[in-house]
Structures are given as C-alpha cells and as structure tokens.
Asks: 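My questions will all concern the structure given below.
This is a predicted model, so every value here is computed, not measured.
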Amino acid sequence: MEMEERSRRIVQSAVELAEQGGFEAVRLRDVAAHAGVALGTLYRRFRSKEDLLVAALAQETEAFEQRIAQRPPKGDTPLERATAFFGAMTRAFCRRPNLARALLKATVSGNPELAHKVASFHELVSRLIVISLRGKPLDGDRPSESEQALAWNMQLVWFAMIIGWSGGLHSQSAVIENTRAAAELMLRGSERSS
C-alpha cells in the first residue's frame, strides 16, 4: 500500500512538472525531489521518463473514463455520440497542452518495453468508443468484430489528428471535426456492409 501511495505521488509530480514545462521538464531527479522520494525509489517503479509519463497517461485516461461513466456522451445516433465522445476527449486532452504533448511524446517514443502499456491505453479508448457508439455500458458484453474495427479505426484517426495538433498542424476544433468526418464515413460504410 505504501508503494502504491509513493507511485501515485511520483506520477502526480511528473504530471505537475509536465504541465509547467512539457516533456523536457520531467527530469527524474526533479520528479523524485518534487514527490519527496529517493531517486532509487522512483527507479524501482519506473524505468524511464517515458515509462513514468505513460503511467501518467493511464491515470489521466482512467479519470476520463470515470467522467464518461458519470456523464455518457449524448446523442440520438452512434455518430452524434461518437462526435460527443471525441469532442470531450479532445478537450480533456488539450486543456493542458504541455502535459498532452509530453504524454504523446512518451507514447510514440518507440520504446518496446512500453508497448503493452501503450496498447492498454488504446484498448481502453477503443472500449470507450464502443460504449459511445452503443449509447450504453458494455455490462460484460464483448464488442462485435465490427464494433472493434470501427472503434480501432476511429481511434487511429483521432490519434493521428491529436499528434498533428501537438505539432501545431491542426487546431483543437480541426481534430474534432476531422475525426467526426472520418467516423461518419466509417459508420456509413459499416451500415452498407451489414
């Protein structure tokens, strides 16, 4: 239990430092000092800055999942609900731009040791998209192959757009609108093949 509290403090410290100065501000020595733990304690839990930031991404995504559970995306159609979901997710992600860019940089670092953690993030987002498309919780029901494919591809578009946002290529509203347009095309194609 004590280690979990320390891990939580370490991750929160990384989040605070990233909010202030982005990826470069998350120096492990500074994170340890900010969290009030020894550097060795940090290294026992996190192998690298990227590992620490991917853990922060997981924490942020779980908090977003709780907000979605309390206030599910509204809309009468799967497209309306998906658009509401991607709008909420984009706003939540972009409201702290330095942190968002740091999390993205860690996610795309190419570190093979983090692949399963990054995959967990993508799986969670896909599950939230399926919930949004259905307009109700999964309640133990497995998504169909079609739902999984739709969610995965919608997420890929959103992720590519959010990376573009992080580099200054897209505005926040462009991320939402382009993801909505892609979701509309995918849903229309899915209806035709059903």
Asks: Taking all non-hydrogen atoms of both residues into account, name the closest pair between Ala106 and Leu53 and its distance.
Replies: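 So the minimum-distance heavy-atom pair works out to CB-CB, 3.5 Å.
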
Asks: Of all residues at least two apart in sequence or in a different chain, which pass the salt bridge (Lys or Arg N to Asp or Glu O under 4.0 Å) check with Glu62?
Replies: none

Asks: Assess whether salt bridge (Lys or Arg N to Asp or Glu O under 4.0 Å) is satisfied between Lys117 and Asp51, documenting all intermediate values.
Replies: CA-CA 9 Å; Lys117 293 179 182 180; Asp51 188 16; 2.5 Å; yes

Asks: Does anything in residues 126-151 pair up under ring pair (Phe, Tyr, Trp, His ring centres under 6.0 Å), and if so which pairs, sequence neighbours excluded?
Replies: none

Asks: Find out if a path of hydrophobic residues (ILVMFWY) with successive side-chain heavy-atom gaps under 4.5 Å connects Met161 to Leu169.
Replies: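 No, it is not one cluster - the side chains of Met161 and Leu169 are not joined through contacts under 4.5 Å.
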
Asks: Is there a path of hydrophobic side-chain contacts, each under 4.5 Å between heavy atoms of I, L, V, M, F, W or Y residues, that connects Val175 with Val157?
Replies: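 Hydrophobic grouping puts Val175 with Val157.
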
Asks: Which residues satisfy the salt bridge (Lys or Arg N to Asp or Glu O under 4.0 Å) test with Glu184, sequence neighbours excluded?
Replies: Arg180, Arg188

Asks: Please enumerate all residues that pass side-chain hydrogen bond (donor to acceptor under 3.5 Å, both in side chains) together with Asn178, with sequence neighbours excluded.
Replies: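 Partners of Asn178 under the side-chain hydrogen bond (donor to acceptor under 3.5 Å, both in side chains) test: none.
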
Asks: Is it possible for you to say whether Leu103 and Leu28 belong to one hydrophobic cluster, with membership spreading through side-chain heavy-atom contacts below 4.5 Å?
Replies: yes

Asks: For Ile10 and Val31, which heavy atoms make the closest approach, and how far apart are they?
Replies: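 Scanning both residues completely, I find the closest heavy atoms to be O-CG1, 3.6 Å.
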
Asks: Can you find a side-chain donor-acceptor pair between Ser144 and Ser146 that sits under 3.5 Å?
Replies: no

Asks: Can you find a heavy atom in the side chain of Met89 that is under 4.5 Å from one in the side chain of Val125?
Replies: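 Sidechains of Val125 and Met89: in contact.
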
Asks: Please list all pairs meeting ring pair (Phe, Tyr, Trp, His ring centres under 6.0 Å) that have one or both residues in residues 162-190, counting only residues at least two apart or in different chains.
Replies: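 Not a single pair qualifies under ring pair (Phe, Tyr, Trp, His ring centres under 6.0 Å).
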
Asks: Among residues at least two apart in sequence or on other chains, which ones pass salt bridge (Lys or Arg N to Asp or Glu O under 4.0 Å) with Arg96?
Replies: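 Counting only residues at least two positions away or on another chain, Arg96 forms a salt bridge (Lys or Arg N to Asp or Glu O under 4.0 Å) with Glu19, Glu60.
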
Asks: How far does CD of Glu16 sit from CG of Asp30, to the nearest 0.5 angstrom?
Replies: 13.0 Å

Asks: Taking the side chain from Lys105 and the backbone from Gly22, do they hold a donor-acceptor pair closer than 3.5 Å?
Replies: no

Asks: Taking all atoms of both residues into account, what is the closest heavy-atom pair of Asn98 and Gln20, and its distance?
Replies: ND2-O, 3.4 Å

Asks: Could I get the full list of salt bridge (Lys or Arg N to Asp or Glu O under 4.0 Å) partners for Asp141, not counting sequence neighbours?
Replies: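 In terms of salt bridge (Lys or Arg N to Asp or Glu O under 4.0 Å), with neighbours along the sequence ignored, Asp141 is linked to Arg134.
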
Asks: If hydrophobic clusters are built by linking Ile, Leu, Val, Met, Phe, Trp and Tyr wherever their side-chain heavy atoms come under 4.5 Å apart, do Leu156 and Val118 end up in the same one?
Replies: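 Each belongs to a different hydrophobic cluster.
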
Asks: What side-chain hydrogen bond (donor to acceptor under 3.5 Å, both in side chains) pairs are there with at least one residue in residues 71-89, not counting sequence neighbours?
Replies: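 Every pair satisfying side-chain hydrogen bond (donor to acceptor under 3.5 Å, both in side chains) with a residue in residues 71-89: there are none.
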
Asks: Looking at every non-hydrogen atom in both residues, tell me the closest pair between Met154 and Leu133 and how far apart they are.
Replies: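 Shortest heavy-atom contact: CE-CD2, 4.0 Å.
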
Asks: Once you round to the nearest 0.5 Å, how far does CZ of Arg29 lie from CG of Leu42?
Replies: 10.5 Å

Asks: Mind checking the OG-CG spacing from Ser120 to Leu57? Nearest 0.5 Å is all I need.
Replies: 10.5 Å

Asks: Could you list the residues that satisfy side-chain hydrogen bond (donor to acceptor under 3.5 Å, both in side chains) with Glu65, not counting sequence neighbours?
Replies: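 side-chain hydrogen bond (donor to acceptor under 3.5 Å, both in side chains) check on Glu65 returns Arg127.
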
Asks: By side-chain contact (heavy atoms from CB on, under 4.5 Å), which residues pair with Glu113, not counting sequence neighbours?
Replies: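 So Glu113 forms a side-chain contact (heavy atoms from CB on, under 4.5 Å) with Arg47, Asn111.
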
Asks: According to the ring pair (Phe, Tyr, Trp, His ring centres under 6.0 Å) rule, which pairs have a member within residues 28-80, sequence neighbours left out?
Replies: Phe64-Phe85

Asks: With side chains defined as the heavy atoms from C-beta onward, is the minimum distance between Arg6 and Arg45 less than 4.5 Å?
Replies: no

Asks: Is there a path of hydrophobic side-chain contacts, each under 4.5 Å between heavy atoms of I/L/V/M/F/W/Y residues, joining Val26 to Val11?
Replies: yes

Asks: CD1/Ile131 to CD1/Ile68 distance, rounded to the nearest 0.5 angstrom?
Replies: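 The CD1 atom of Ile68 is 9.0 Å from CD1 of Ile131, to the nearest 0.5 Å.
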
Asks: How many angstroms lie between atom CD1 of Ile162 and atom SG of Cys94, to the nearest 0.5 angstrom?
Replies: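 It is 3.5 Å, given to the nearest 0.5 Å.
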
Asks: Atom OG in Ser171, atom CD in Glu177: separation rounded to 0.5 Å?
Replies: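 So the OG of Ser171 and the CD of Glu177 are separated by 10.0 Å.
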
Asks: Considering only residues two or more places apart or on different chains, which pairs with a residue in residues 89-127 satisfy ring pair (Phe, Tyr, Trp, His ring centres under 6.0 Å)?
Replies: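 Sorted result for residues 89-127: Phe93-Trp158, His122-Trp152, His122-Phe159.
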
Asks: Testing the basics here: between Pro143 and Gln148, what is the closest heavy-atom pair and its distance to 0.1 Å?
Replies: CB-CG, 3.8 Å

Asks: Just by distance, with hydrogens left out, do Gln155 and Ser126 show a side-chain donor and acceptor under 3.5 Å apart?
Replies: yes

Asks: Measure across Thr61 and Leu124 and return the closest heavy-atom pair with its distance rounded to 0.1 Å.
Replies: CG2-CD2, 3.2 Å

